[in-house]
Amino acid sequence: MGTQRGGEQYDSFGEGCFQSQLGFIFCDSQWKRDSNAMEDKQFELRKSKLEELRAMGIDPYANGFTPEHTAGELVSLHASKSPEELEQVEDLFSLAGRIVSKRDFGKSAFFHLSDRTGQIQGFMQKNSIDEKTYTLFRKLLDVGDFAGVRGELFKTRTGELTVRVRELFFLTKALRPLPEKWHGLQDVETRYRQRYLDLIANQRTKEIFKTRSKVINLIRRFLDERDFLEVETPVLHPIAGGATAKPFITHHNALDMDLYLRIAPELYLKRLVVGGLERVYELGRTFRNEGVSTKHNPEFTMIEFYQAYATYEDLMNLIEELVCYVVENTVGDTLFEYEDKKIDFKRPWNRINIYEALREKFGSEITEDDQFLFARADSMGINHNGIKGKALTEIFEALFEDSLVNPTFVYGFPLDVSPLARKNDDDPEVVDRFELYIYGREIANAFSELNDPIDQKKRFTDQVEMKEKGEDEYHEMDNDYVSALEYGMPPTAGAGIGIDRLVMLLTNSSSIREVIFFPHLRP
RNA sequence: GAGCCGUUAGCUCAGCUGGUAGAGCAACUGCCUUUUAAGCAGUGGGUCACAGGUUCGAAUCCUGUACGGCUCACCA
């Protein structure tokens with residue numbers, strides 16, 4: 001404080017300020033972390049322990065220790081054994097991991113070691129290991145450090161399977177302390193910005209991402225078994241096509257041209273169907289330059305798949321099967337709770353026609369009399385830009401979306417909001433398209449593909465006209481895609497599923513940021 | 001983009017209608033050979049997000065900024 005302002009302290013204080021100001025030039029938010037690094041006592045202490053280790057000839061970042069066992073493996077193989085049975089097991093086991101707790105009794109000590117499979121307790125006794133190692137463990141090994149151990153198994157008085165350490169290897173010194181052991185890491189911002197800390201401190205986070213990985217795996221397995229081919233198409237697009245959304249724009253220097261990060265892989269996948277790859281899918285990142293919310297991240301993961309000789313109705317069945325397959329192999333039960341509601345995935349799922357739902361609510365005027373429709377939309381505050389289909393779907397969403405808790409297929413989409421979908425054979429005003437809603441959220445979008453190149457060209461032209469009407473979300477003309485269709489695309493149906501939102505449901509996560517390792521945040 | 005709320009020790013949180021900061025965990029020094037949120041005794045640690053303002057006096061009241069959360073809008 002003020003009274004401590006002796007010459008020496010004042011000098012070091014001044015130096016710290018200078019460093020901070022340097023940091024400030026580059027990044028404001030970095031300032032706090034940098035200045036902490038300079039001043040934090042625990043950090044400095046751990047650094048001095050590191051130097052002490054080096055002085056003793058111990059590499060605090062040593063390589064070369066190869067664990068032959070894992071915590072999970074030892075627990076599942078030996079935890080049920082009695083103490084007597086364990087005494088018969090004379091093998092030495094070797095493990096490596098992070099020290100996550102330490103209980104020191106002076107002449108003996110307990111700790112827990114954590115690896116990818118779980119945790120196991122270790123025990124050290126002064127008289128069963130050389131004194132140097134024992135002192136090292138007590139004085140220089142901190143919670144957070146990585147270590148390798150070798151020893152035999154036994155059971156403590158309380159019955160916990162424990163490794164009696166005969167050899168200890170320093171593997172990595174942690175210079176910063178771990179988050180608190182009991183409450184974990186709560187601060188949402190730190191959890192997202194420093195996800196590694198979240199993963200260390202919060203078991204649930206690890207479980208969420210394991211589930212995410214499993215979901216992706218299951219989807220691949222499901223489609224592979226049905227003879228789909230996984231493919232990769234460009235992320236950099238000369239035309240942002242396949243959906244109506246605002247793209248991220250980037251620039252190719254050598255060609256001096258703007259490119260767009262893909263808003264959907266759709267048009268490239270259908271080119272592959274033209275090429276004879278009758279069943280294809282792509283699972284990957286898609287980018288949309290729009291708002292960030294609990295349900296939106298600028299980059300998100302979706303799967304799109306296309307199946308020749310299938311219709312949108314076939315895809316309803318396929319998606320039911322696929323999603324149920326994923327649910328059964330992750331949650332385990334087709335009925336489970338999400339947030340405040342129970343969701344029942346039992347098949348068959350409900351199917352609702354947009355037009356019928358609206359006619360039931362308002363009478364046939366709503367779908368036949370444009371004046372009535374637009375008046376209704378206006379009264380609900382819907383921005384329709386004179387586009388009938390937009391007014392219809394928005395009215396539907398406003399009124400029904402929230403009630404679609406159990407998986408529901410919504411179909412009968414209007415033509416003018418579906419520039420890539422095939423016209424319905426009975427009603428040219430609507431297309432053979434559906435969306436899957438779960439818990440009031442759109443999870444999937446699918447349709448029988450428009451494979452008539454002349455119709456497709458006209459649809460693109462209509463979209464360009466909508467742009468001129470002032471609609472900021474429209475589909476651009478893609479002549480290259482039209483010419484692909486001119487070579488002939490077999491009748492095909494395709495679907496896109498939002499993986500992040502599906503994982504949210506399966507992990508009971510209320511925000512999309514909980515299911516993306518590094519969600520978008522301001523720098 | 002708009003509204004509301006938040007930011008206090010490494011972590012989790014208190015801090016009433018203004019009187020220049022507290023706890024638990026972690027850390028440090030001791031003691032302790034079966035603990036597991038180990039225990040006991042002691043110690044250190046804070047530009048209370050940042051910048052202004054009001055005031056004799058601000059973590060507390062006001063304004064602005066940054067970052068975050070929630071809701072809404074656009075969308076998947």
Side-chain angles (χ1 to χ4, degrees), chain A residues 1-2 13 16-17 20 24 27-29 31-33 35-37 39-46 49 83 100-112 119 121-128 134 139 142-144 154-160 162 164 174-193 197 200-201 243-246 263-264 286-302 304 381-383 394 397 435-437 441-445 472-473 496-502 504 510-513 519 521-523:
Chain A
M1 311 277 169
F13 183 65
C17 272
S20 304
F24 187 84
C27 175
D28 193 13
S29 65
W31 179 83
K32 191 177 166 189
R33 250 167 270 150
S35 85
N36 282 353
E39 291 156 19
D40 182 61
K41 290 237 169 80
Q42 289 195 44
F43 182 86
E44 292 302 329
L45 192 81
R46 281 173 176 238
K49 287 183 182 178
V100 291
S101 67
K102 236 179 133 178
R103 291 170 295 283
D104 179 3
F105 289 85
K107 293 192 181 64
S108 72
F110 290 92
F111 61 93
H112 273 97
Q119 289 189 6
Q121 182 166 251
F123 180 58
M124 288 246 215
Q125 257 175 322
K126 198 174 181 180
N127 59 12
S128 62
Y134 188 71
K139 300 293 179 192
D142 290 309
V143 170
F154 77 104
K155 281 225 169 146
T156 62
R157 267 179 215 161
T158 53
E160 180 166 349
T162 302
R164 187 186 307 276
L175 294 179
R176 295 188 186 281
L178 260 27
E180 206 234 13
K181 61 182 174 184
W182 189 237
H183 299 93
L185 181 66
Q186 298 297 322
D187 183 76
V188 187
E189 190 172 349
T190 311
R191 287 185 50 234
Y192 296 159
R193 288 194 195 274
L197 293 180
I200 294 166
T244 52
K246 293 180 202 93
I263 55 173
T286 301
F287 308 84
R288 298 194 182 172
N289 202 343
E290 282 158 3
V292 178
S293 79
T294 50
K295 295 167 214 71
H296 301 86
N297 198 63
E299 50 181 299
F300 63 102
T301 301
M302 73 174 186
E304 283 200 8
I382 287 164
N383 178 21
E394 300 257 329
E397 280 175 23
E435 287 185 349
L436 170 64
Y437 278 87
R441 292 181 194 154
E442 191 192 330
I443 300 294
N445 179 24
D472 60 349
E473 292 198 347
I497 302 175
I499 301 296
D500 313 274
R501 289 185 177 178
L502 186 61
M504 281 171 72
S510 59
S511 168
I512 199 166
R513 291 176 208 116
L521 298 174
R522 283 171 209 268

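In the text below, chain A, chain B and the rest are named by the order of the sequence lines, each starting its count at 1. All of these numbers come straight from a predicted model, not from anything done at the bench.
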task: Write down the distance between CZ (Arg157(A)) and C1' (U35(B)), rounded to a whole number of angstrom.
output: 10 Å
message: When you measure from the side-chain N and O atoms of Arg522(A) to the phosphate of A66(B), is any distance below 4.0 Å, counting only OP1 and OP2?
response: no
message: In dot-bracket form, 5' to 3', how is RNA chain B paired? Count Watson-Crick and G-U wobble pairs only if both distances fall under 3.5 Å, and write | where the partner sits on another strand.
response: (((((((..((((.....[..)))).(((((.......))))).....(((((..]....))))))))))))....
query: What residues, two or more places apart in sequence or in another chain, satisfy salt bridge (charged side-chain N to carboxylate O under 4.0 Å, His left out) together with Glu290(A)?
result: none
- line: Those residues at least two apart in sequence (or on a different chain) that pass ring pair (Phe, Tyr, Trp, His ring centres under 6.0 Å) with Phe105(A) are none
- prompt: Counting only distance, no hydrogens or angles, is the base of U35(B) paired donor-acceptor with the side chain of Thr156(A) under 3.5 Å?
  reply: yes
- prompt: Out of U12(B), U34(B), G68(B), which has the shortest distance to the side chain of Arg193(A)?
  reply: G68(B)
field: Those residues that, when tested against Phe110(A), pass ring pair (Phe, Tyr, Trp, His ring centres under 6.0 Å) (two or more places apart)
entry: Phe123(A)
statement: Picking from C70(B), C32(B), G69(B), the nucleotide nearest the side-chain atoms of Ser511(A) would be C70(B)
- prompt: Partners of Lys49(A) by salt bridge (charged side-chain N to carboxylate O under 4.0 Å, His left out), sequence neighbours excluded?
  reply: Asp142(A)
statement: Contacts of Glu180(A) meeting salt bridge (charged side-chain N to carboxylate O under 4.0 Å, His left out) (sequence neighbours excluded), chain-then-number -> none
task: Give the rounded distance in Å between these two atoms: NZ of Lys102(A) and P of G39(B).
output: 16 Å
Nearest-Å distance for atom pair NZ/C1', residues Lys295(A) and G69(B): 14 Å
query: Does Thr190(A) or Asp142(A) map to a spot on RNA chain B nearer the 5' end, using the closest nucleotide for each?
result: Thr190(A)
message: Between C1' on U71(B) and CZ on Arg513(A), what's the gap in Å once rounded to a whole number?
response: 12 Å
task: Using the P atoms only, state how far U17(B) lies from A51(B), rounded to an integer number of Å.
output: 25 Å
query: In whole angstroms, how far is the C1' atom of U35(B) from the NZ atom of Lys107(A)?
result: 16 Å
- prompt: Within this structure, what is the CD-to-P distance between Glu189(A) and C11(B), rounded to whole angstrom?
  reply: 12 Å
